[in-house]
Amino acid sequence: MDADLDLGSFKDVIPMEEDFDLKGVFAAHFALKGALSDIENQRFNEFTAKGAMELMGMEYKDAEMAVKIPEARADFTPQRLNVDQFRVTYDEINMAMDGFVDNYVAYALTDTTLHGVFNFTADRIDANKYMTETEGETEEEVEAETEAELSVIEVPANLDLTLNATIGEVLYDEIVMKNIAGQITVREQRATLKNLSIDALDGQIILDGYYTTVDPAVPEMSFSYDIRNLNLKQTAEAFSTIEKMAPIAKQASGNFSSKFDLTTSLDEKLEPVYETMQGGGTFQSANLVLEGGDFLQKLATTMKSPKLARQEIRDLNVRFTIADGKVTTSPFDVKINQMSANVSGYTSFEQEIEYLMKMKVPRSEMGS
């Protein structure tokens, strides 16, 4: 192939909409020639693959989108297709990528595995622009639409790819996440997220996990996090799940750390199969303050002790496990103001709760 194209000239010969624009230069000068058996047996000196493709100063615009590709270049060898540079600007997001794929000729012509490694960077992404509009819909309607859209996505068996990603900042809902870096691999019908690090909510979050469809009828997911020194109030306000499971968290101030891991099978709509869920974790905080809210106010009124409306909890160290459809908390000791307590119990996925709190309460804390 030998081509030098002025993309802007397409408008001169092909009718276009008024709001359509295209410019840039595309150059391709490369040759591929040889026997597939030479590639399969790694006799690369018997196979010809040389040349390059280049895109410079490309701009595309229509009524719905605008994309700029200042520079993109790929070159060919018998062993590899190298992406030396790929820079793109879309919707105020500046992105860049480089990397390579090998075995690309055999992959294109036969059902063999494609190997590759790519590096991706972006400066800032406002994810709110791409979230589905749900204004005016009830929570049940949104859940029904989401369930209708979800189905098992099979991870291809003939890909062995690695993506190293770095993103400066992501805005999601009202959460600002910075210094995002991690690795995604697709290999042997498993997509793996490895060591994804995020600075957010005054602390750091590290995520790992995988999704596999080795058996497409029973996909499996594993997920873990390591949360370090997050602001509890901000976290509760940012995630509705926490508000549902522990609404008192919105009345809490202080920082916490937590570790968690979970493995579960998934059904045909990618929902967790609760009876297969296995995991556990920890929740730690040196000092939390609970203040305000209906629960604490009612406790203070019932006990006729106004100071119970504000509680300081020190040296919190909770361990929990997930099994048999329950989140079970192992017995732990905690200091609440001048009181000491030992707490244990469980919350089930069937919305059942049972906890036992053994307390030592000084008479001075009992009010009148």
> Please walk me through it: do Asp202 and Gln234 pass side-chain hydrogen bond (donor to acceptor under 3.5 Å, both in side chains)?
Replying inline: CA-CA 9 Å; Asp202 291 346; Gln234 291 183 29; 3.2 Å; yes

> When you measure from the side chain of Thr282 to the backbone N and O of Ser258, does any donor-acceptor pair fall under 3.5 Å?
Replying inline: no

>> Taking CD in Glu46 as the centre, count heavy atoms belonging to other residues, nucleotides or ligands within less than 6.0 Å. Is the count above 12?
In response: yes

> In terms of heavy-atom contacts, does CD of Glu40 have more than 12 from other residues, nucleotides or ligands at under 6.0 Å?
Replying inline: yes

>> Given 3.5 Å as the limit, does a donor-acceptor pair link the side chain of Asp267 with the main chain of Lys269, or not?
In response: yes

> Passes ring pair (Phe, Tyr, Trp, His ring centres under 6.0 Å), Tyr60 versus Phe20? Steps please.
Replying inline: CA-CA 8 Å; Tyr60 172 90; Phe20 177 88; 5.4 Å; yes

> Tell me, which pairs form a side-chain hydrogen bond (donor to acceptor under 3.5 Å, both in side chains) where one or both residues lie in residues 63-80, sequence neighbours left out?
Replying inline: Asp75-Asn82

> Are there more than 12 heavy atoms of other residues, nucleotides or ligands under 6.0 Å from atom CD of Glu188?
Replying inline: no

>> Taking side chain to side chain contact (heavy atoms under 4.5 Å, CB included) as the definition, give me every residue that meets it alongside Thr192, ordered by chain and number, with sequence neighbours left out.
In response: Thr185, Arg190, Tyr210

> Should the pair Arg187-Asp160 be classified as a salt bridge under the 4.0 Å nitrogen-to-oxygen rule?
Replying inline: yes

>> Under a plain distance cut-off of 3.5 Å, with no hydrogens placed, do Glu291 and Ser253 share a side-chain donor-acceptor pair?
In response: no

> Between Asp19 and Lys61, is the closest basic N to carboxylate O distance under 4.0 Å?
Replying inline: no

>> Using only atom types and a distance under 3.5 Å, with no angle test, would you say the side chain of Tyr211 pairs donor to acceptor with the backbone of Leu193?
In response: no

>> Looking at Asp91 and Ile93, would you say the former's side chain and the latter's main chain have a donor-acceptor pair under 3.5 Å?
In response: no

>> Here's a test for you: under side-chain contact (heavy atoms from CB on, under 4.5 Å), which of Asn94, Thr166, Ile167, Asn164 qualifies with Thr121?
In response: Thr166

>> Heavy-atom count check: over 12 atoms from other residues, nucleotides or ligands less than 6.0 Å from Asp84 CG?
In response: yes

> Can His29 and Asp2 be counted as having a side-chain donor-acceptor contact under 3.5 angstrom?
Replying inline: yes

>> Using side-chain contact (heavy atoms from CB on, under 4.5 Å), reason through Val155 and Thr212 one step at a time and then give a plain yes or no.
In response: CA-CA 7 Å; Val155 181; Thr212 178; over 6 Å; no

> Just wondering, more than 12 heavy atoms not from Leu171 lying within 6.0 Å of its CG?
Replying inline: yes

> How are the rings of Phe256 and Phe283 set to each other: parallel, tilted or perpendicular (split at 30° and 60°)?
Replying inline: parallel

>> Main chain of Gly8, side chain of Asp6: is a donor-acceptor contact present, judged purely on distance under 3.5 Å?
In response: yes

>> Using a 3.5 Å distance criterion without hydrogens, assess whether the side chain of Thr276 forms a donor-acceptor pair with backbone atoms of Ser265.
In response: yes

> Any sub-3.5 Å donor-acceptor pair from Asn103's side-chain atoms to Ala106's backbone N or O?
Replying inline: no

> Should we say atom CD of Gln338 is surrounded by more than 12 heavy atoms from elsewhere, each under 6.0 Å from it?
Replying inline: no

>> Any carboxylate oxygen within less than 4.0 angstrom of a Lys/Arg side-chain nitrogen, looking at Arg228 and Asp226?
In response: yes

